[in-house]
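Working notes for the structure below.
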Amino acid sequence: MSSKPATTPNQTVDSAFAILQLFARVDTPLGVSEIARAINLPPSTTHRVVSTMLEAGYLQQREPSSDYEPGVEVRELLAALQSRYRIRTAAMPALRRLATLSGWAVVLVVRFGRQSLRVTGVRDRQLVHRPLQIGEVHPLHETSGGLTLLAFQPQAFVTSYLANEPEATRIRRVIRQIKRDGHLVRLENGMHSVALPVRDPAGTASAAVVLEGAAVSLGAPTERQLKSWARSVEAIEALVAKEPDLYLDPFEGWWSR
Amino acid sequence: MSRVSAAAGEDSTGNKATARVLRILSTFVDGDDSLGVTEISQRLGMTKSMVHRGLMTLLRHGYVLRDPSGTRYQLGPAIADFGTLWLKPPDIHLLCRPFEDGLFDLTGETVSIHVPIGNNVVCVDGVEGRGPVARRVPLGGSIPLHVSPAGRVVLAYLPDEEIERYLSRPLRVFTKNTLRTPEQVWAHVRKVRENGYADFLGDHYPKAVGSSVSFPILDINGEPHGSITVAGPIDRLPPDRIRTLVPELAPIIAALNRQSRLYVSGREPVPE
């Protein structure tokens with residue numbers, strides 16, 4: 001039998017974070033033994049870490065199950081992260097107007113390093129609608145909002161982003177198309193999406209407005225609709241031009257290192 | 001034996017350190033752009049060296065960042081690794097249930113949840129009060145936004161422009177007490193925003209035998225997911241009783257809003 005101590009303090013902290021990251025990959029509550037197996041720790045040690053996290057509000061149990069899921073503190077941290085993007089609240093009135101005008105769901109996405117983050121939104125008024133999925137993070141080239149952000153980044157960023165990307169040629173073609181049209185219209189999995197860049201006076205877009213709707217409820221957008229939506233987004237651009245602070249990337253220093 | 005307790009000892013040190021690190025991380029949810037070691041140690045009653053050590057751990061993971069000044073810390077983007085699946089707004093029933101039960105346990109009266117749909121609020125859930133004269137839960141019942149506490153409290157927390165839009169149409173009158181002019185509604189909206197609740201006006205049913213008080217369930221933008229209402233016979237809930245009841249209910253309402261404020265409401269805007 002080995003006589004080495006079970007865990008050092010730092011290992012215990014790290015396993016707490018490993019448990020939180022584990023829950024990012026599953027969407028069901030888990031029991032202690034499942035958690036232990038997934039993070040490769042003895043059940044007894046896992047049990048103690050889980051108790052500490054439960055007490056601190058980082059995990060919770062929901063009746064009638066005794067399984068664990070992320071607690072209120074985790075949700076609060078994620079919400080706090082999103083509120084660091086001040087454009088979120090500032091753009092809200094314009095997003096609401098756009099939702100009323102269009103009947104489509106409207107979502108604001110921001111550039112989150114090499115990803116896009118859905119920071120706020122307004123639901124549509126259709127019978128079949130897609131959840132707003134606020135808080136979701138995707139690689140920039142995977143969504144219409146992200147591609148639109150990518151299209152309006154400085155050339156150096158685009159080059160570095162596409163450097164190891166097998167689909168670089170296809171993505172470059174889409175980027176050229178977005179720059180030409182000023183928006184991206186897509187029909188995927190029965191959902192229409194229209195992404196419009198929110199540009200600062202230098203022409204860089206740190207945010208994009210995405211309109212979404214189920215194809216069964218809504219037809220493809222008309223030229224007239226696209227023009228009118230672009231005007232709504234210009235209202236947000238005017239706001240940003242007047243108050244550049246709203247548009248600061250709270251993590252700028254972090255991404256560039 | 002001694003080895004087992006030594007291991008458990010290590011473990012307990014580790015768990016104490018973990019608890020401290022998690023508490024330090026939690027101070028960053030309060031909306032401060034950045035925090036210094038001294039502020040955190042004062043808030044948590046921990047020594048500065050404990051806080052410093054905790055911050056170093058969080059810094060190593062990217063859960064906090066150091067400001068360019070080198071002395072202050074802010075929430076880091078690696079927090080996003082904690083996952084987004086769980087940010088999906090929960091079902092309003094699931095979110096409210098424990099708090100409905102809490103209000104019921106405290107008052108024994110009927111508790112109901114209303115959500116805004118178009119120009120109305122609709123009752124989607126509730127717990128029925130005790131006794132033969134308890135109010136029924138008006139499940140599925142729909143009330144215009146300017147009528148009854150459940151509707152008026154939702155109206156009051158809508159963005160001003162949506163209230164304007166609602167008021168651009170004629171206001172349906174139910175009793176002599178129904179708010180009937182935009183001026184009356186705006187005055188009421190200001191009062192509700194100041195008090196944090198809407199109370200009984202006798203503006204819905206003529207010769208009402210019931211009374212109620214409603215609180216907002218707010219989202220991350222301060223807009224309403226809906227309202228939560230305590231309703232009972234008027235002899236048990238007269239206006240002066242409601243005034244003393246509100247502070248008793250406040251902790252439960254605050255706890256509910258602490259959770260509901262983490263999400264964007266899936267609310268439909270008031271129609272054009």
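None of these values were measured; they are calculated from a predicted model. In what follows, chains are A, B, ... by sequence order, proteins preceding strands, each numbered from 1.
Looking at Ser26(B), the atoms closer than 4.5 Å to chain A (heavy atoms on both sides) sit in the backbone and in the side chain alike. With a threshold of 4.5 angstrom between heavy atoms, Ile117(B) does not approach chain A through any atom at all. In this structure, chain A has no heavy atom under 4.5 Å from any part of Arg261(B). Interface residue Val49(A): backbone and side-chain heavy atoms are both found under 4.5 Å from chain B. Within the 4.5 angstrom heavy-atom criterion, atoms from both the backbone and the side chain of Asp33(B) approach chain A.
Across Glu55(A), Met53(A), Arg88(A), the residue that shares the most heavy-atom pairs under 4.5 angstrom with chain B is Arg88(A).
Around NE2 of His61(B), the count of heavy atoms belonging to other residues, nucleotides or ligands within 6.0 Å exceeds 12. Taking a 6.0 Å sphere around CG of Asp160(B), one finds it holds more than 12 heavy atoms contributed by other residues, nucleotides or ligands.
Note that CZ of Phe17(A) is 11.0 Å distant from CG of Asp81(B), once rounded to the nearest 0.5 Å. For the atom pair CG of Leu77(A) and CZ of Phe28(B), the computed distance is 10.0 Å after rounding to the nearest 0.5 Å.
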Report task. Go through the steps for Arg84(A) and Gln74(B) under the test side chain to side chain donor-acceptor pair (under 3.5 Å), then give the verdict. Result -> CA-CA 10 Å; Arg84(A) 298 295 312 278; Gln74(B) 51 167 301; 2.8 Å; yes
**Report entry** Residues Phe251(A), Leu65(B); criterion side-chain contact (heavy atoms from CB on, under 4.5 Å); working and verdict
**Finding:** CA-CA 9 Å; Phe251(A) 307 117; Leu65(B) 302 181; 3.9 Å; yes
Requested in this report: Carefully, step by step, assess Asn15(B) and Thr52(A) under the rule side chain to side chain donor-acceptor pair (under 3.5 Å).
Outcome: CA-CA 6 Å; Asn15(B) 279 304; Thr52(A) 304; 3.0 Å; yes
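Closest approach of Ala79(A) and Ile220(B) over heavy atoms only: CB-CD1, 4.0 Å. Nearest heavy atom pair, residue Thr57(B) against residue Val13(A), reads CG2-CG1, 3.6 Å. Residues Thr120(A) and Asn221(B) share a closest heavy-atom pair of OG1-ND2, 3.6 Å. The heavy-atom pair separating Tyr58(A) from Leu22(B) by the smallest distance is OH-O, 3.0 Å. For the pair Leu81(A) and Pro77(B), the tightest heavy-atom approach, listed with the atom from each and the gap, is CD1-CA, 3.9 Å. Listed here is the closest heavy atom pair of Pro93(A) and Glu161(B): O-OE2, 3.9 Å.
At least one side-chain heavy atom of Val72(A) sits less than 4.5 Å from a side-chain heavy atom of Leu262(B).
Comment: Glu73(A) engages Arg258(B) in a salt bridge, judged by a side-chain N to carboxylate O separation of less than 4.0 angstrom. Asp14(A) and Arg60(B) are joined by a salt bridge, as a carboxylate oxygen and a charged side-chain nitrogen come within less than 4.0 angstrom of each other.
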